[in-house]
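In what follows, chains are A, B, ... by sequence order, proteins preceding strands, each numbered from 1.
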Number of protein chains: 2
Amino acid sequence: MTEQGQEARQRMVAGAADMIRRRGLNATSVRELTKHSAAPLGSTYHYFPGGKQELAAEAVRYAGSLVSKVLRRELAAGPVEGLRAFLALWRQTVLGTDFQAGCPVLAVAIEEPPAGDRSAVAAAAEVFADWEALMGAALGERGVAAPDAARLATLVVAAVEGSVALCRAKRDIAPLDAVATQLEAVLSAAVAR
Amino acid sequence: MTEQGQEARQRMVAGAADMIRRRGLNATSVRELTKHSAAPLGSTYHYFPGGKQELAAEAVRYAGSLVSKVLRRELAAGPVEGLRAFLALWRQTVLGTDFQAGCPVLAVAIEEPPAGDRSAVAAAAEVFADWEALMGAALGERGVAAPDAARLATLVVAAVEGSVALCRAKRDIAPLDAVATQLEAVLSAAVAR
DNA sequence: TCCCGGCTATAACAGTCGTCATAGCCTAGC
DNA sequence: GCTAGGCTATGACGACTGTTATAGCCGGGA
């Protein structure tokens, strides 16, 4: 069996993640997506029998895993270092696309799924939980008590996701930098305690 | 002149805000909106010559002003009290709609606007800036230095917006409560300092 | 009473949407 | 060489999109 097909499949997943983070899920059509991914329209339902929702779910998991990988690596040096890497990732995304791209996970999370098919939203929930777990564990390793570590991790993910949205609306990176300053102070204080 | 028309116009704005916070802007069609608002389709472009974007911008400003009003009132008692009211507002929204509604301002902020028409996104940016200014001023009145007050206000808005999205994805109110606990601690510490 | 203007009802325009069915290419294994 | 099957190209399905044009209703002012 040739591998060309699977390559096209992977291009579709990455392309979907890219389009969703810019326009949102509903505004991303299957036709545009295939064009953007240089993939054949007819193959969409061959690779993704569940249709658009299945493709979106996979795109969310894919984008989430890219972030998780960076997060896992950098958190090894400590929570604050991991936070810096997390922030740098989003800073790069927002600035590198001239404020046109945000987080595909957030985009999927806030759009109403078609009746009875929450698979994409569920994938978004898992990604958020994954990020929180990583950050929470790193805080725990530095002596932050469990319930506080989990809450701090949630605060980090929520605040960063929110600030990316603020940046896009304002076309200004300041909100992300403000959140960076404050979160760093909060995490540093928690770890030092 | 009868006032019936203007009433229909107001219903459309409120209805748009309600639909956008549930499904997002792109997934909200003009026809569904008029049906949901018991308003005539033909009147859409009578009241809103700028079309869907103008209606969305007004819906965002409307929703934003409702929150601002509560915020302004409750912040008079102090930043932490204002924060509590802000959080309670979103808690009620999320729980009262069984996790089906979030923030219309965020929804509009993260969707790519049609080429050349950023009016709705600009309205979202203004609403965010308004909320931040209110919170920042309240912190300033309690002795928090200006740059820190502004950054804290941004953190509050970003974290709450983000946590509402997390709640919807997970169908769980825990993220908002976690953020509530942490933000309250942060603001209390800042004010006491 | 008449008319004027804000408002609405209706239909149409030209697309696009997600999804599916089918026929055919083209390569891997025998 | 030949066949099986993964993959693709094509076209169609019905439904829905934002927007516009036009004809008409229906109330208040003269």
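- For D:dT8, the OP1/OP2 oxygens have a side-chain nitrogen or oxygen of A:S43 closer than 4.0 Å.
- Of the candidates A:V94, A:V179, A:D177, A:V179 is the only one forming a side chain to side chain contact (heavy atoms under 4.5 Å, CB included) with A:S163.
- Contact annotation: A:Y47 side-chain N/O to D:dT8 OP1/OP2 distance is under 4.0 Å.
- Among the atoms of the strands shown, only primed sugar atoms or phosphate atoms (P, OP1, OP2) are found under 4.0 Å from some heavy atom of A:T28.
- Remark on DNA chain C: of its neighbouring residues A:E32 and A:P49, the 5'-side contact belongs to A:E32, judged by nearest-heavy-atom nucleotide.
- One can place CZ of A:R31 at 15 Å from P of C:dG15, the figure rounded to the nearest angstrom.
- Residues A:C167 and A:D172 form no side-chain contact, since every pair of their non-hydrogen atoms from C-beta on lies 4.5 Å or further apart.
- Across every non-hydrogen atom of A:P104 and A:A63, the tightest pair is CG-CB, 3.7 Å.
- Here D:dT8 presents its P atom at 9 Å from CE of A:M12, a figure rounded to the nearest Å.
- As a whole-Å value, the separation of B:N26 CG from D:dG18 P is 9 Å.
- Residue B:H46 is the one, among B:H46 and B:L41, whose nearest nucleotide of DNA chain C lies closer to the 5' end (criterion: closest heavy atom).
- Side-chain N/O atoms of B:S29 include none lying less than 4.0 angstrom from OP1 or OP2 on D:dC16.
- Inspection of the A:N26 and A:E111 side chains reveals an N or O donor paired with an N or O acceptor under 3.5 Å.
- The interatomic distance linking B:M19 (CE) with D:dG18 (P) rounds to 10 Å, in whole Å.
- Computed from coordinates, the B:Y45 OH to C:dA9 P distance equals 16 Å when rounded to whole Å.
- For the pair B:R84 and B:E74, the minimum side-chain heavy-atom distance is 4.5 Å or more.
- Going from atom NZ of B:K35 over to atom P of C:dT8 covers 16 Å, rounded to whole Å.
- Atom CG in A:L33 sits roughly 15 Å away from atom C1' in C:dT19 (whole-Å rounding).
- A:D117 places its CG atom 14 Å from the C1' atom of C:dT19, with the value rounded to the nearest Å.
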